[in-house]
Amino acid sequence: MDYYPAPGRNHLFVPGPTNVPEPVLRAMNRSNEDHRSPAFPKLSKSVIEDVKQLFGTTKATSFIIPTTGTGAWESALTNVLSPGDNIISFLFGQFSLLWIDQMNRLNFNVDVIESEWGAGADLATLSKKLSADYSHSVKAVCIVHNETSTGVTNNLAAVRRVLDESRHPALLLVDGVSSIGALDFHMDKWKVDVALTGSQKALSLPTGLGIVCASPKALEAAKTAKSIRVFFNWADYLKFYKLGSIWPYTPSIQMLYGLRASLDLILKEEGLHNVIARHHRLAEATRKAVQAWGLKICTQKPEWHSDTVTAVVVPPHINSGNVVKIAWKKYNLNLGVGLNKVAGKVFRIGHMGYLNELQLLGALAGVELSLQDVGYPVTLGSGVAAAQAHLQRATPLIASRI
Ligand SMILES: Cc1ncc(COP(=O)(O)O)c(C=O)c1O
């Protein structure tokens, strides 16, 4: 390999894949073992059960699948829907766009509610459509909770309210790929029917596990859904759950040990509540830095602020891709590029997963240097100082050191 890594740590501030913590790396650094041994179900049952805490559910059934977020989308759709089914889906960024593309290719009939990139889901239009659907022909409403391309978080409690007020029985399918495990998520309270995430985001694992939770209503729908599915067929998993061996194929053993370690860090060491508070703190600090730089974020209203990713809009004479390029070439800092409609216009600071205050301040310093390098007249230290002021106020003592 002739790839020479730069000295020191790489500053990985893309909104996934995120940093993998040392305890997780160590937990995964093991040989293969027999997944049919009497010892293995102890691990598999514990992760299948504990992962539900991230989703805010005790009622749902979880499936841990060797796939990515894209596969988790497919698992959600094909298990509860039949070809030709009407679904409503929101479009407001690259990932909602890609999910809709998948829905179309799976032969569902998608009614798209589109908003500007930077805005959240248009719930007034959803309400009108559901109220007018007297025959209940709409089988599912699909939404990306946190649009990673624009830094927009949608209010899922409000989506649920619209469904309830319209007395509409459509299933609610939620992409939580860049939210679950980092942002508040209440699958049971919001009556989400299928929620999903991927391992390389808030869980701070390598890419390769798709985690899908299905409500009892979703499991019921799966009994009659006619979409062709084989690898993703929940019925096969459920059969194996009864047998006690969990996977209908060879599971990714090392990743499951990594998942166990990641869940221990989130649920036992730090506590999910503290993890969510930390994401909020780092996001607020980032937003204050952007403001101090005299720049705007892509997110149009504070109610949609994302606590896992901030998309920073650059002035028209600057190409945001050059900010990302110089940050990597000169400072060993990885920022997210602008995708599709916002390519060249925004760069993204991912503040998701296993990160702390000083890491963020280092990254913000790197962003300032990079902005100056590409000709944006930022005062060095301005954003860092604004973020520091916030973090000094908002950061609690480390729980294990009080
Ligand atoms: C919100 C969202 N959904 C889905 C995906 C697709 O996930 P994957 O790349 O793991 O297939 C991503 C990836 O970044 C994402 O951010």
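Each ligand, and each atom within it, is numbered from 1 in the order the structure gives. When reading the values below, keep in mind they use all heavy atoms of this one structure, side chains included, and skip hydrogens, waters and symmetry mates. FYI, the numbering just counts along the sequence from 1.
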### Query
Have N32 and Q254 got a donor and an acceptor in their side chains that come within less than 3.5 Å?
yes
### Query
Hey, what's the ring geometry for W190 with H145, parallel, tilted or perpendicular (30° and 60° as the breaks)?
perpendicular
### Message
Working to the nearest 0.5 angstrom, can you tell me the gap between M352 CE and S306 OG?
### Response
7.5 Å
### Query
For residues N334 and N10, is any side-chain donor paired with an opposing acceptor at under 3.5 Å?
yes
#### Entry: Ionic contact status for K217 with E220, cut-off 4.0 Å
no
### Task
Run the salt-bridge test on R229 and E74 with the 4.0 Å N-O cut-off and return the result as yes or no.
no
List, pair by pair, the atoms of ligand 1 and of the protein that are both N or O and lie under 3.5 Å apart, giving the separation rounded to 0.1 Å.
| from | atom 1 | to | atom 2 | distance (Å) |
| --- | --- | --- | --- | --- |
| ligand 1 | 3 (N) | D175 | OD2 | 2.6 |
| ligand 1 | 10 (O) | G69 | N | 2.8 |
| ligand 1 | 10 (O) | Q200 | NE2 | 2.8 |
| ligand 1 | 11 (O) | T68 | OG1 | 2.6 |
| ligand 1 | 11 (O) | G69 | N | 3.3 |
| ligand 1 | 11 (O) | T70 | N | 2.8 |
| ligand 1 | 11 (O) | T70 | OG1 | 2.5 |
| ligand 1 | 14 (O) | K201 | NZ | 2.7 |
| ligand 1 | 16 (O) | T148 | OG1 | 2.5 |

